[in-house]
Amino acid sequence: MSPFLVIQSDWNEALWENNGKCWIMAKQTHMKNASSLYGDLIMRSCDQDHIDIIGQAGFEVLNVTKSRIRVKHAMLDITTTFVSPCNVFHDIHNKSVIDMDISCGGGLGVSTSTDGCMFIWDTTTGIARRKLEGHAGEVNCCRFFPSGVVVLSGGSDTQMKIWSAIDGSCPRTLHGSHQCGILSMEMVGRGKNVLSVSRDGCVYLWECASGECVEQIACEKSEINSCHLTQVQPRDVALLQLLKEVVENDENMEFSDSSEYIGKLLALGCQNGNVEVLELSSKKSLFVRKLDDAVNCCRFLSADRLLAGTYTGQLVLLDVASSGKMLINDTSSSASPVLSICPSQLLLPALAFWASYRDGRCVLYRILNTQEQGDSHPGEDIFQIELELTGSDCDSIYRVVETNTGIVYTCGRDGKVRKYKVKDLL
């Protein structure tokens, strides 16, 4: 369990004031009953050629710009890069923003808030272009279709709706199967079909063109908080072997009727602590892994690596090809609930991901294997912090999204959407 650094949320403003300074803290989670270490970062001088910031109480500033600061604590041997937002959109919503997505082209955002409002907005200006109205109550989740001009939403009213991002119209409503609010959705391929999961514990497959429910995929004994879909590739040899053993033993399976779903894996994160992976075409379970607490989110980082985040701040990496073998069980990063996970492409070919927390932290982690670590953690893979996003003053970050251009967006309890340029910082 490694210690980590926390910095004042508005450090990028506080340091540049007259006699500027900000606080910084090292949380020592690696020692029982150890107190946190506090210090200040103080601006001594700033001109066009040089910025001089000193650290107190063992903290050292390695480099700094107006949007990025890299700090080290020598005694604890930890170094973290903190990044401030390049834009903060205050006026899209008046209440907490509970979900968000960005279009494939990066020009449009869609977000929902606790007052039931859902908006399409411009990612450059933060100006709302369309208000999407039609759900009764809160809208729990929203996603762009791959086209970038169509939106899918799921609400506490048990309905999913398909919207035009161009004119705000709703040509199709999908309803009639779920008995409780929809919590997560996934698109199959280009979006001909979609999957939904709900507080009622059921997973349904829908046809978008007709709005009809095609079939029930699964029914759990718990609320399903999260789902994620991935496609097995020919290079995933061990995983293909597992699928062959699990799927081809199903004598009742009709491949001709479900061929477009073969090799697609669906991960479910449940309130009772279960993480389950299903093969979509056969609806067969590859494994169920019981974690210590409620699973708030789960995401495939690759076809054979599944990451889950829990209510107690646990981050768990599972080997899908080995029937859910636990590769990393990390409880050191935060005792605060993990609220969102987003796979990252910024550190390829290394596996990396963003995780956001209820305490306002949003962290980019790299997965380090034993060969990359030297002697620091012999015999085990670990999550290494690459950088942290700042700006949220201990307010929950409900969703983090990375675009293919290296822009990252967050939304949360304070009602703000923050935009970060991080691609050139790594």
Only pairs under 3.5 Å count here: list side-chain donor-acceptor contacts from residues 266-276, not counting sequence neighbours, and write none if there are none.
from, atom 1, to, atom 2, distance (Å)
Gln271, OE1, Asn225, ND2, 2.8
Asn272, OD1, Asn274, N, 3.1
Glu276, OE2, Ser285, OG, 2.8

Review item, side-chain donor-acceptor pairs of residues 182-190, under 3.5 Å, at least two apart:
from, atom 1, to, atom 2, distance (Å)
Ser184, OG, Cys227, N, 3.3
Glu186, OE1, Leu229, N, 3.2

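In this structure, the separation between NZ on Lys72 and OG1 on Thr81 is 12.5 Å, given to the nearest 0.5 Å. Interatomic distance, Ile367 CD1 to Leu301 CG, rounded to the nearest 0.5 Å: 5.0 Å. Here the straight-line distance linking atom CG of Leu132 with atom CD1 of Ile120 works out to 4.5 Å at 0.5 Å rounding. The distance from atom CG of Leu278 to atom CZ of Phe287, rounded to the nearest 0.5 Å, is 9.5 Å. We find the SG-CZ distance between Cys104 and Phe144 to be 9.0 Å, quoted to the nearest 0.5 Å. Taken from CD1 in Ile382 to CZ in Arg366, the straight-line distance is 11.0 Å, to the nearest 0.5 Å.
Residues satisfying the side-chain hydrogen bond (donor to acceptor under 3.5 Å, both in side chains) test with Ser113, not counting sequence neighbours, are His93, Asp115. Contacts of Ser147 classified as side-chain hydrogen bond (donor to acceptor under 3.5 Å, both in side chains), with partners at least two apart in sequence or in another chain: none. For Arg44, the salt bridge (Lys or Arg N to Asp or Glu O under 4.0 Å) criterion is met by Asp52, not counting sequence neighbours. Applying the salt bridge (Lys or Arg N to Asp or Glu O under 4.0 Å) test to Lys419 and every residue at least two apart in sequence or in another chain returns nothing.
The closest side-chain heavy-atom distance from Ser198 to Thr158 is not below 4.5 Å. Tyr398 has its side chain out of reach of Val97: every pair of non-hydrogen atoms, C-beta onward, lies at least 4.5 Å apart. Residues Cys208 and Val194 form a side-chain contact, since some pair of their non-hydrogen atoms from C-beta on lies under 4.5 Å apart. Side-chain contact between Ser111 and Cys411 is absent, with no heavy atoms from C-beta onward closer than 4.5 Å. The shortest distance between side-chain heavy atoms of Leu195 and Leu280 falls below 4.5 Å. Looking at Glu138 and Thr114, their side chains come closer than 4.5 Å, going by heavy atoms from C-beta outward. Ile162 has its side chain within reach of Leu174: a pair of non-hydrogen atoms, C-beta onward, lies under 4.5 Å apart. At a threshold of 4.5 Å between non-hydrogen side-chain atoms, the residues Trp163 and Val110 do not count as touching.
The one candidate from Tyr409, Tyr420, Trp354 that meets the side-chain contact (heavy atoms from CB on, under 4.5 Å) condition with Val400 is Trp354. Considering Val408, Thr405, Thr403, Ile407 in turn, Thr403 is the only one that fulfils the side-chain contact (heavy atoms from CB on, under 4.5 Å) rule with Ile102.
Residue Arg299 comes nearest to Ile341 through the heavy atom pair CG-O, 3.5 Å, listed as atom of the first residue, atom of the second, then distance. Looking at every heavy atom in both residues, Arg413 comes nearest to Asp395 through NH2-OD1, 2.7 Å. Across all non-hydrogen atoms, the minimal contact from Leu41 to Gly55 is CD2-CA, 3.8 Å. Nearest heavy-atom pair, Cys46 versus Ile51, reported as atom, atom and distance to 0.1 Å: SG-CG1, 4.0 Å. The two residues Asp330 and Phe383 make their nearest non-hydrogen contact at CB-CD1, 3.5 Å. Of all non-hydrogen atoms in Ala26 and Leu5, the two that sit nearest each other are CB-CD2, 3.7 Å.
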Evaluate side-chain contact (heavy atoms from CB on, under 4.5 Å) for Gln345 paired with Asn404, printing each intermediate quantity in order.
-> CA-CA 8 Å; Gln345 306 298 309; Asn404 54 19; over 6 Å; no
Decide side-chain contact (heavy atoms from CB on, under 4.5 Å) for Ser340 and Ile397; before the verdict, give the C-alpha distance in whole Å, the side-chain angles of both, and the deciding distance to 0.1 Å.
-> CA-CA 8 Å; Ser340 174; Ile397 298 178; over 6 Å; no
Residue pair Val320, Leu239: steps toward the side-chain contact (heavy atoms from CB on, under 4.5 Å) verdict | CA-CA 7 Å; Val320 180; Leu239 191 49; 3.7 Å; yes
In sequence, state the C-alpha distance, the side-chain angles, and the governing distance for Ser344 and Glu402, and then conclude on side-chain hydrogen bond (donor to acceptor under 3.5 Å, both in side chains).
-> CA-CA 7 Å; Ser344 175; Glu402 179 186 296; 2.6 Å; yes
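Between the Thr230 side chain and the Leu265 main chain, no donor and acceptor come within less than 3.5 Å of each other. Arg289 contributes a side-chain N or O that, together with a main-chain N or O of Gly324, makes up a donor-acceptor pair within less than 3.5 Å. Remark: side-chain polar atoms of Asp157 are not paired, donor with acceptor, to backbone N or O of Gly137 under 3.5 angstrom. Listed for the Arg399 side chain is a donor-acceptor partner under 3.5 Å among the backbone atoms of Met100. Side-chain atoms of Ser169 do not come within 3.5 Å of backbone N or O of Pro171 as any donor-acceptor pair. Judged by distance alone, with hydrogens and angles left aside, the side-chain atoms of Ser336 form no donor-acceptor pair with the main-chain N or O of Tyr357 at under 3.5 Å. Remark: the backbone N or O of Cys142 is not paired with any side-chain donor or acceptor of Asp101 at under 3.5 angstrom. No donor-acceptor pair closer than 3.5 Å links the side chain of Thr390 to the backbone N or O of Phe82. Distance alone, capped at 3.5 Å, places no donor-acceptor pair between the Asp40 side chain and the Ile42 backbone. Judged by distance alone, the side chain of Thr112 and the main-chain N or O of Val139 form a donor-acceptor pair under 3.5 Å.
Both the sub-6.0 Å distance and the 45° axial angle are satisfied by Arg361 relative to the ring of Phe4.
No hydrogens or angles considered: a donor-acceptor pair under 3.5 Å links the side chains of Thr173 and Lys161. Residues Glu386 and Gln384 have side chains that bring a donor and an acceptor to within less than 3.5 angstrom of each other. No side-chain donor-acceptor contact under 3.5 Å links Ser84 and Trp11.
Crowding of Arg305 atom CZ: a count of heavy atoms from other residues, nucleotides or ligands under 6.0 Å exceeding 12. Surrounding OH of Tyr311 are at most 12 heavy atoms belonging to other residues, nucleotides or ligands under 6.0 Å away. More than 12 heavy-atom neighbours from other residues, nucleotides or ligands sit within 6.0 angstrom of NZ on Lys290. In this structure, Asp167 places its CG atom where more than 12 heavy-atom neighbours from other residues, nucleotides or ligands lie under 6.0 Å away. No more than 12 heavy-atom neighbours from other residues, nucleotides or ligands sit within 6.0 angstrom of CG on Asn94.
Below 30°, between 30° and 60°, or above 60°: for Phe59 and His73 the angle between ring planes is above 60°, a perpendicular geometry. Taking the six-membered ring for Trp and thresholds of 30 and 60 degrees, Trp206 and His178 have ring planes inclined between 30 and 60 degrees apart.
Ionic pairing of Asp414 and Arg418 is present here: one or more N-O contacts between side-chain nitrogen and carboxylate oxygen are shorter than 4.0 angstrom.
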